[in-house]
There are 2 protein chains.
Amino acid sequence: MGIADRRQREKEQRKTEIIDAAERLFFSRSYEDVSMEDIAREVELNKATIYLYFKNKETLFATIVLRGIQILKEKYTECMEKQVPGIVKVVLMGQAYYQYSQEYPDYLRMIHFYGSERFSKENPCTAEIGKGYGTCRLILRDAIQEGIDDGTIRADLDPFLTSMYLMISFMGILSMENKWKLVIEAEGFSYEQFASEFFRFITPAISSGEKSHKMDVKDFASSGFFLTEPVAPEKEKRKKS
Amino acid sequence: MGIADRRQREKEQRKTEIIDAAERLFFSRSYEDVSMEDIAREVELNKATIYLYFKNKETLFATIVLRGIQILKEKYTECMEKQVPGIVKVVLMGQAYYQYSQEYPDYLRMIHFYGSERFSKENPCTAEIGKGYGTCRLILRDAIQEGIDDGTIRADLDPFLTSMYLMISFMGILSMENKWKLVIEAEGFSYEQFASEFFRFITPAISSGEKSHKMDVKDFASSGFFLTEPVAPEKEKRKKS
DNA sequence: TTTATATTATGACTGTTAGTTATACGATTT
DNA sequence: AAATCGTATAACTAACAGTCATAATATAAA
């Protein structure tokens with residue numbers, strides 16, 4: 001009994017060792033630039049051994065992506081638990097996404113890479129990753145519903161659609177960092193400003209314009225609610241504070 | 001003289017034949033599922049011959065992506081030439097993107113695939129594709145500037161940032177069709193409604209709230225300006241008209 | 001017309017990689 | 001001590017991007 005247990009534990013530990021080794025490599029190089037040979041060398045096992053633990057390279061990669069999604073889910077859950085109006089939860093979730101992109105840029109890169117085709121939809125991991133992302137969106141949707149109920153979010157919005165639009169926007173803004181950072185900085189913005197300003201841009205689209213809009217500008221802007229100071233439309237004022 | 005000309009023409013024709021054959025295959029299968037052998041067979045040439053015309057598979061793929069970008073650029077230019085207020089141009093550009101996604105779903109898929117890493121940034125085609133996309137965004141930025149000048153768009157918005165946010169949102173909304181279509185339809189929406197409703201969602205974020213906001217709702221909603229009728233927040237009204 | 005030259009095309013090749021298989025090892029059980 | 005079972009491995013296959021020496025073909029020169 002104890003022996004079977006130990007063997008089970010050892011097996012799971014081996015699996016974890018493989019994931020850890022693969023993660024180190026996938027964090028530092030792209031999917032195509034990491035071969036199963038490389039991973040085998042990193043974890044000091046034969047390549048064929050890895051295939052005893054993972055069906056294929058895709059599944060191993062997806063397992064790491066799932067780790068990343070899990071962390072994001074936790075961040076969203078924390079936002080939801082805060083005692084603040086619905087619209088503030090929504091903005092907090094956007095900011096949580098931004099913070100995630102700064103804390104775990106490699107997970108985020110892998111998540112986006114996994115989302116971009118080439119990975120089989122039949123793989124059970126794909127469904128699980130989709131479910132993980134879906135959970136985040138559901139949390140966001142609940143926050144939107146709360147905002148509608150407490151009067152801080154436009155009552156005519158559909159919570160489902162709005163949660164989709166916001167998730168897609170968050171994802172888009174933060175998946176572009178590598179690609180468009182230089183363009184953004186060439187225009188005199190830091191990426192942090194770029195992300196922060198997005199919340200100020202989007203708030204009027206969701207705000208009920210009564211309680212919440214005034215609240216954003218007056219109460220939150222000065223108390224660290226937004227990531228940075230607002231950007232004035234004149235170029236001269238764009239320098240990062 | 002005439003002979004050199006003819007040979008030049010013939011060479012370019014061969015190149016076009018290769019691109020056309022590759023396009024047919026890349027339209028029907030994914031990047032990884034189309035081999036250079038396949039393309040060679042399709043165009044009835046030896047694989048090595050293709051390498052006389054294209055440096056590598058990436059470059060051939062990118063050449064097709066450029067065709068797609070060119071078409072999008074033309075659509076944006078058309079919107080810009082319309083004699084309408086700035087905010088209407090902006091929404092028209094979003095709709096142009098939607099129409100493009102319906103007319104040329106395969107180009108769009110290839111464009112998004114090209115954008116998702118794995119393709120070398122050193123390849124001159126990558127820069128050219130980036131420039132093509134950049135041109136679209138500049139057109140959008142000009143439309144936003146016009147809207148600010150004619151009072152239909154919030155004067156406190158930065159045209160550069162706003163054009164980025166909108167482009168990213170358009171791209172995001174329309175790159176998700178394959179992935180999230182089922183989720184959206186499970187909620188009782190058609191993808192067309194999903195895209196159309198986005199414009200109604202985003203308009204308050206850019207509208208100056210004076211001339212333009214009322215204009216959207218009163219004048220345009222009933223005259224085909226939006227793609228579909230507005231969606232009421234109740235699930236019962238979600239069926240596609 | 002014949003020969004030389006340049007361009008275009010090709011079959012056969014290399015190197016790399018994901019994934020498989022037959023075999024060996026080592027711990028546990030009989 | 002022998003049989004059993006799970007784990008590990010070396011050697012393999014198949015597929016593919018990209019290369020190269022050689023051949024075929026068209027143009028130019030003799």
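Just so it is clear, the model here is predicted, and its values are computed rather than measured. Protein chains get the first letters and strands the later ones, always in sequence-line order, with residue 1 at the start of each.
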How many whole angstroms separate atom [atom1] of [X] from atom [atom2] of [N]?
X	N	atom1	atom2	value
A/Glu32	C/dA18	CD	C1'	12 Å
A/Tyr51	C/dG19	OH	C1'	5 Å
B/Met36	C/dT16	CE	P	20 Å
A/Glu37	D/dT9	CD	C1'	11 Å
B/Glu10	C/dA6	CD	C1'	15 Å
B/Leu45	C/dT8	CG	P	13 Å
A/Ile50	C/dT17	CD1	P	14 Å
A/Phe61	C/dT17	CZ	C1'	17 Å

[N], OP1 or OP2 - any side-chain N/O from [X] closer than 4.0 Å?
X	N	result
A/Arg14	D/dA8	yes
A/Tyr53	D/dT7	no
B/Asn46	C/dA9	no

Cationic tip of B/Lys15 within the cone over B/Phe54's six-membered ring, i.e. under 6.0 Å and within 45° of the normal?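 Yes.
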Supply the atom-to-atom distance B/Leu140 CG to B/Tyr165 OH, rounded to the nearest 0.5 angstrom.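 If we round to the nearest 0.5 Å, B/Leu140:CG and B/Tyr165:OH are 13.5 Å apart.
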Need one value for [X]: base, sugar-phosphate or nothing, where a base atom within 4.0 Å counts as base even if backbone is also close, heavy atoms only.
X	answer
B/Lys11	sugar-phosphate
A/Phe54	nothing
B/Thr49	base

Does B/Asn56 make a side-chain donor-acceptor contact with the base of D/dG18, cut-off 3.5 Å?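 Answer is no: no donor-acceptor pair is held.
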CD (B/Glu42) with more than 12 external heavy atoms under 6.0 Å: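 Atom CD in B/Glu42 is packed in, count exceeds 12.
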Are there over 12 heavy-atom neighbours, none belonging to A/Glu44, within less than 6.0 Å of that residue's CD?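 Check fails, neighbour count at 12 or below.
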Quick check: on DNA chain C, is the nucleotide nearest A/Tyr31 upstream (toward 5') of the one nearest B/Lys47, or the reverse? Name the residue that is more 5'.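 Nearest-nucleotide comparison on DNA chain C picks B/Lys47.
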Among C/dA9, D/dA17, C/dG11, the nucleotide that comes nearest once only the side chain of B/Ala48 is considered: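 Closest nucleotide among those given: C/dG11.
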Picking from C/dT7, D/dG6, D/dG18, which would you name as closest to the side chain of B/Lys57?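 Output: D/dG18.
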Any Lys/Arg nitrogen of B/Arg6 or B/Glu10 sitting under 4.0 Å from an Asp/Glu carboxylate oxygen of the other?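 Yes.
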